[in-house]
Amino acid sequence: MPTPTAGPGEVRIRLEASGVNPADVGRRAGSYRAMEYPRVIPNSDGAGIVDQVGGGVTRLGVGERVWLFNGQRNGRAFGTAAEYITVAEQLVTPLPADVSFAAGATLGIPCMTAWCGLYGDGSVTGQTVLVTGGAGAVGHCAVQLAKWGGARVIATVSSAFKAEQARLAGADLVIDYKTEDVVAKAMAFTEGRGVDRVVDVDFGGNIATTLKLMAMNSTIAVYATNGNRSPVVPMRELMERCITLRALVLFALPWPLLAAAQADISKWLAAGKRLHNIAARFPLSETARAHLAVEKGDKLGTVVVDCAR
């Protein structure tokens, strides 16, 4: 492929690392829709160095370390499984010097989704937040961001190893949903009040349990529903407790919300050392293996492709 050139409002990034998300694998495999273009370069997240800026770019400069999200989304065919990418500057955020490029490639969609699920309706200070799948790529970020924002955090997990990861991220209470009573433990933790917000990895699979532990005037923020892709929504029960159901997918969210997420994630990174779970790393020539590693479904963290020669 020819090296792309930054157009007006764009920057070109010499990529060092590319993050592989389940959505990237799904798009490549055709489970979302047929391939959108005659040729697609997969993967939407990445990190690297700005090496060219187009006309009108004012926020970023050549030589700046950055991370990006939504590279192969919203009409863009060529993603981050490459040596270079050109994207609109608003998709790009400065990467602190103490965060590696591989760690930067784990931010993107997982961290942005976690922030939007948590803060899409305002502050979580003083609230109790439940993060389902608290050791997953989005969940692990959500636990850390919620604690940074002043919330008490409950995380559900499916193994002792994942429980340790959620605790390291800062969860106040970790519940193994395979061996423990999620409702009883969550209600005891909240002294019978219930949780204020859920960041949910599987709405359809969890709703029967989730409904039993929601507080009045609470919110369920849903970013996936793989356990049951067409769940029945118990609308009457949601109404009776004034529970807000916020469904979100990152590429469709409005720009002001995405910009707020980028700004807050930058503050969060600057405020202390963060955990960035890297499940595995592959060279660019083995991108297919990286996708297969995600397809297996047993990864913990983000699979990263190293793009530099």
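For reference, positions follow the sequence shown, starting with 1. Given the structure is predicted, the values throughout are model-derived calculations rather than measurements.
- In terms of modelled atom types and a separation under 3.5 Å, the side chain of R289 and the main chain of F282 share no donor-acceptor contact.
- Residues Y119 and I109 share a hydrophobic cluster, clusters being chains of Ile/Leu/Val/Met/Phe/Trp/Tyr side chains in contact below 4.5 Å.
- Looking only at atom types and distance, the side chain of S44 has no donor-acceptor partner in the side chain of N70 under 3.5 Å away.
- Side-chain contact between M1 and Y84 is absent, with no heavy-atom pair separated by less than 4.5 Å.
- If you chain together hydrophobic residues whose side chains sit under 4.5 Å apart, V143 and V195 never meet in one group.
- Using modelled atom types, one side-chain atom of R274 and one backbone atom of W268 make a donor-acceptor pair closer than 3.5 Å.
- Looking only at side-chain heavy atoms (C-beta outward), T225 and P231 come within less than 4.5 Å of each other.
- Hydrophobic clustering (side-chain heavy atoms under 4.5 Å, transitive across Ile, Leu, Val, Met, Phe, Trp, Tyr) groups L238 together with V183.
- Judged purely by atom type and a 3.5 angstrom limit, R65 uses its side chain to pair as donor or acceptor with the backbone of P96.
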Requested in this report: List the steps and the verdict of side chain to side chain donor-acceptor pair (under 3.5 Å) for D196 and S218.
Outcome: CA-CA 5 Å; D196 301 291; S218 53; over 6 Å; no

Report task. Evaluate side-chain contact (heavy atoms from CB on, under 4.5 Å) for M112 paired with L107, printing each intermediate quantity in order. Result -> CA-CA 7 Å; M112 293 284 290; L107 296 172; over 6 Å; no

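- The OG1 atom of T190 sits 13.0 Å away from the CD atom of Q127 when rounded to the nearest 0.5 Å.
- The structure places OG of S100 at 7.5 Å from NE2 of H276, a figure rounded to the nearest 0.5 Å.
- For the pair L211/I243, a side-chain contact is recorded, criterion being any heavy-atom separation below 4.5 Å from C-beta on.
- Judged purely by atom type and a 3.5 angstrom limit, R241 uses its side chain to pair as donor or acceptor with the backbone of M214.
- Residues V66 and V305 are members of separate hydrophobic clusters, defined by side-chain heavy-atom contacts under 4.5 angstrom among Ile, Leu, Val, Met, Phe, Trp and Tyr.
- Classification of E295 and R28 as a salt-bridged pair holds, one side-chain N sitting under 4.0 Å from a carboxylate O.
- At distances below 3.5 Å, not a single donor-acceptor pair connects side-chain atoms of D45 with backbone N or O atoms of F69.
- Between the side chains of D200 and T132, at least one donor N or O sits under 3.5 Å from an acceptor N or O.
- No donor-acceptor distance shorter than 3.5 angstrom exists from the side chain of N228 to the backbone of G205, with no hydrogens or angles considered.
- Using a cut-off of 4.0 Å between Lys/Arg side-chain N and Asp/Glu carboxylate O, R12 and D51 are scored as salt-bridged.
- The salt bridge (charged side-chain N to carboxylate O under 4.0 Å, His left out) pairs that include a residue from residues 69-81 are D24-R73, where partners are two or more places apart or lie in different chains.
- Of all non-hydrogen atoms in A221 and L248, the two that sit nearest each other are CB-CD2, 4.5 Å.
- Looking only at distances, a side-chain donor or acceptor of R59 sits under 3.5 Å from a matching main-chain atom of E89.
- Using a 4.5 Å heavy-atom cutoff, the side chains of F101 and L15 are not in contact.
- At least one donor-acceptor pair closer than 3.5 Å links the side chain of N74 to the backbone N or O of F251.
- From L257, atom CG reaches atom CG of L250 across 9.0 Å, with rounding to the nearest 0.5 Å.
- No side-chain donor-acceptor contact under 3.5 Å links E64 to the backbone of L60.
- Two different hydrophobic clusters hold Y177 and V199 under the rule that ILVMFWY side chains link at heavy-atom gaps under 4.5 Å.
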Requested in this report: Starting from the C-alpha separation in whole Å, work towards a yes-or-no answer on side-chain contact (heavy atoms from CB on, under 4.5 Å) for E10 and V57.
Outcome: CA-CA 7 Å; E10 293 183 334; V57 171; 5.7 Å; no

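- Counting only heavy atoms from C-beta outward, the side chains of V87 and V92 approach each other to under 4.5 Å.
- Using a 4.5 Å heavy-atom threshold, the side chains of Y223 and V138 count as touching.
- Atom CD of E240 has more than 12 heavy atoms from other residues, nucleotides or ligands within 6.0 Å.
- Rounding to the nearest 0.5 Å places CG of D181 at 8.5 Å from CD1 of I175.
- The OG1 atom of T219 sits 4.5 Å away from the CZ atom of R197 when rounded to the nearest 0.5 Å.
- Under 3.5 Å, the side chains of T93 and Q262 contain a donor-acceptor pair of N or O atoms.
- Looking at heavy atoms from C-beta onward, T5 lies out of side-chain contact with T86 at the 4.5 angstrom threshold.
- Residues passing the side chain to side chain donor-acceptor pair (under 3.5 Å) test with S158, sequence neighbours excluded: K162.
- E36 and R27 are joined by a salt bridge, as a carboxylate oxygen and a charged side-chain nitrogen come within less than 4.0 angstrom of each other.
- Annotation: the span from L269 atom CG to Q144 atom CD amounts to 9.5 Å, rounded to 0.5 Å.
- K147 NZ: more than 12 foreign heavy atoms inside a 6.0 Å radius.
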Query raised in the report: Between D306 and E16, is a side-chain contact (heavy atoms from CB on, under 4.5 Å) present by the stated rule, with each step listed?
Result: CA-CA 6 Å; D306 293 312; E16 297 285 336; over 6 Å; no

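- Side chain to side chain, N226 and D202 fail the donor-acceptor criterion of an N or O pair below 3.5 Å.
- Judged by distance alone, with hydrogens and angles left aside, the side-chain atoms of K299 form a donor-acceptor pair with the main-chain N or O of G301 at under 3.5 Å.
- Counting all heavy atoms, side chain and backbone alike, A47 lies closest to A105 at CB-N, 3.9 Å.
- Residues T106 and T302 bring no donor and acceptor atom of their side chains to less than 3.5 Å of each other.
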Query - side-chain contact (heavy atoms from CB on, under 4.5 Å) evaluation trace for V232 with I207 - result: CA-CA 9 Å; V232 174; I207 186 60; over 6 Å; no

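- Using a 4.5 Å cut-off on side-chain heavy atoms (C-beta onward), D172 and F189 make contact.
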